[in-house]
Each structure stands twice: as structure tokens, then as C-alpha cells.
Amino acid sequence: MMEYSKYIIELGLILFELLSEALGLNLNNLKDMDYAEGLFLTGHYYPPCPELELTLGLSNHTDSGFLIIFIQDQMGGLQLITNDKFKSVNHRVLAKNVGPRISVASFFKMHFQEGIASKLYGPMKELLLEENPPIYRETSKEEYDAQHYSIGLDGTSLLSHFKLHR
């Protein structure tokens with residue numbers, strides 16, 4: 001797991017640079033944010049299910065991390081929060097009736113460190129212009145986590161709860 005984490009962090013840092021460049025930002029912009037410091041890995045194993053109609057799986061949702069590298073059954077995906085410059089992908093975990101289903105999600109999230117709970121996060125200032133005002137309000141990690149745990153996976157993007165109404 002340690003070796004895998006090392007390579008995922010390297011890949012994540014490269015992706016942060018490429019995404020910064022795609023957004024027209026300094027290459028180190030996303031790498032230098034708190035999100036590159038916290039990596040949370042989760043793995044899931046779903047055995048074959050002969051009666052799919054009797055399973056629940058996970059509900060429709062978007063993930064709450066800043067950048068997610070997702071490996072599942074020879075497919076992958078990624079998600080990033082950037083004032084809607086890149087969109088979060090709505091998805092649902094479903095059982096299959098053949099083979100096992102295996103997935104590993106690597107979440108680049110805010111690192112759990114002293115003083116970070118009250119720090120405000122919001123759209124990147126470098127992306128905001130008069131013709132491109134903020135779509136989301138600033139929020140703290142504490143408020144973001146509280147919202148996440150209060151709604152669970154309810155089928156809506158967690159970010160929608162922080163959307164500014166104009």
C-alpha cells in the first residue's frame with residue numbers, strides 16, 4: 001500500500017500541474033494548496049451478485065475530495081473543484097452479476113492539521129473576473145465536513161449547497 005500511495009502521490013502532483021496549466025495558472029498553483037497534502041485511500045470489493053435487483057449499492061453521488069484518482073475494473077476517472085471550470089462527475093456504484101467488482105479511490109483532500117478547520121476555501125481568486133464571478137461562496141473545512149456528514153450521499157453535489165444565488 002505504501003508503494004502504491006507513493007506512485008499515486010506522484011501522479012496526483014503531475015495532474016495538479018497539468019490542471020493548473022489547463023486553467024491558465026502557474027504550474028505550482030494547485031500543488032501548493034492544502035489539497036496536495038492529504039491523501040485518503042479507500043478500496044471496495046463487491047463479490048458477484050446473482051440477483052442484482054436485490055442489491056442497493058451506493059446511491060447516486062459526487063465525491064467530496066478535491067482531486068480523485070479512481071481505478072475500477074480497468075476503468076478510471078478524476079474530479080476537480082474549480083468554480084465549474086471542471087465538473088464533478090455524478091456516479092453510482094452498482095453490483096455486477098459476473099466476476100468481482102474491485103475499486104480503489106485515491107482522494108486528495110484537505111490535510112487534517114491544526115488550524116485548518118476554520119480556514120476559508122472558495123473559488124480560486126486567479127480564475128475570477130468581472131465576467132466570471134464566483135459561483136460558490138467561501139466555506140471552512142469544518143462547515144464543509146458538517147454539510148457532507150449531514151446530507152450523506154443524497155444524489156446532489158455537495159458543492160450545490162455552497163452555490164451563490166444570483
Side-chain angles (χ1 to χ4, degrees), residues 1-2 4-20 22-44 56-72 76-93 103-130 132-166:
M1 187 57 85
M2 296 305 291
Y4 178 80
S5 296
K6 181 180 125 189
Y7 287 111
I8 285 295
I9 290 169
E10 286 179 25
L11 175 60
L13 294 175
I14 291 168
L15 288 172
F16 277 127
E17 286 182 355
L18 292 171
L19 292 167
S20 290
L23 291 167
L25 303 171
N26 175 303
L27 285 183
N28 292 322
N29 190 287
L30 292 175
K31 277 191 345 186
D32 291 343
M33 298 174 81
D34 296 328
Y35 302 107
E37 297 297 319
L39 178 65
F40 175 75
L41 296 174
T42 183
H44 296 282
L56 297 176
L58 280 179
S59 62
N60 195 22
H61 67 282
T62 59
D63 293 319
S64 63
F66 186 80
L67 171 69
I68 293 105
I69 299 172
F70 192 69
I71 300 169
Q72 64 171 8
L78 85 109
Q79 164 175 321
L80 179 71
I81 302 165
T82 56
N83 203 39
D84 280 357
K85 294 290 183 191
F86 296 113
K87 303 277 185 175
S88 297
V89 178
N90 224 22
H91 60 280
R92 180 172 182 203
V93 177
S103 66
V104 177
S106 304
F107 296 83
F108 285 83
K109 304 176 88 160
M110 289 175 259
H111 186 61
F112 301 103
Q113 62 193 35
E114 188 76 27
I116 202 167
S118 60
K119 181 178 176 183
L120 291 179
Y121 294 88
M124 291 178 240
K125 306 287 189 244
E126 301 87 346
L127 298 177
L128 302 178
L129 302 166
E130 190 173 320
N132 185 37
I135 297 171
Y136 302 97
R137 67 177 176 82
E138 289 187 325
T139 186
S140 66
K141 178 177 181 354
E142 183 176 49
E143 181 188 16
Y144 187 84
D145 287 346
Q147 183 67 34
H148 174 70
Y149 292 117
S150 72
I151 63 168
L153 302 177
D154 71 349
T156 61
S157 169
L158 181 58
L159 282 180
S160 67
H161 299 279
F162 301 102
K163 200 161 198 164
L164 295 170
H165 302 285
R166 299 184 186 269

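Listed by chain and number, the residues in a side chain to side chain contact (heavy atoms under 4.5 Å, CB included) with L13 are I9, F16, K31, A36 (sequence neighbours excluded). Not counting sequence neighbours, the partners of K125 by the side-chain hydrogen bond (donor to acceptor under 3.5 Å, both in side chains) test are E138. Listed by chain and number, the residues in a side chain to side chain contact (heavy atoms under 4.5 Å, CB included) with E10 are K6, Y7 (sequence neighbours excluded). In this view, S20 satisfies the side-chain hydrogen bond (donor to acceptor under 3.5 Å, both in side chains) rule with no residue, not counting sequence neighbours.
To the nearest 0.5 Å, atoms OH (Y144) and NE2 (H161) are separated by 10.0 Å. For the atom pair CD1 of I69 and CG of L39, the computed distance is 8.0 Å after rounding to the nearest 0.5 Å. We find the CD1-CG distance between I14 and L27 to be 12.0 Å, quoted to the nearest 0.5 Å. If you take CD on E126 and CG on L23, they are separated by 10.0 Å, rounding to the nearest 0.5 Å. Distance check: L164 CG to I135 CD1 gives 9.0 Å after rounding to the nearest 0.5 Å. In this structure, E17 CD and N26 CG are separated by 9.5 Å, a value rounded to the nearest 0.5 Å.
Contact record, S106 with L41: OG-CD2, 2.9 Å, taken as the closest heavy-atom pair. Scanning all heavy atoms of the two residues, the minimum distance from P123 to L128 falls at CB-CD2, 4.0 Å. What you find for L127 and N132 is that their closest heavy atoms are O-ND2, 2.6 Å. Here the closest heavy-atom approach between residue I68 and residue A105 is recorded as CG2-CB, 4.5 Å.
A 4.5 Å side-chain heavy-atom check between L15 and F108 finds every atom pair outside the cut-off.
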>> For L67 and L30: C-alpha separation, side-chain torsions, deciding distance, then whether side chain to side chain contact (heavy atoms under 4.5 Å, CB included) applies.
In response: CA-CA 10 Å; L67 171 69; L30 292 175; over 6 Å; no
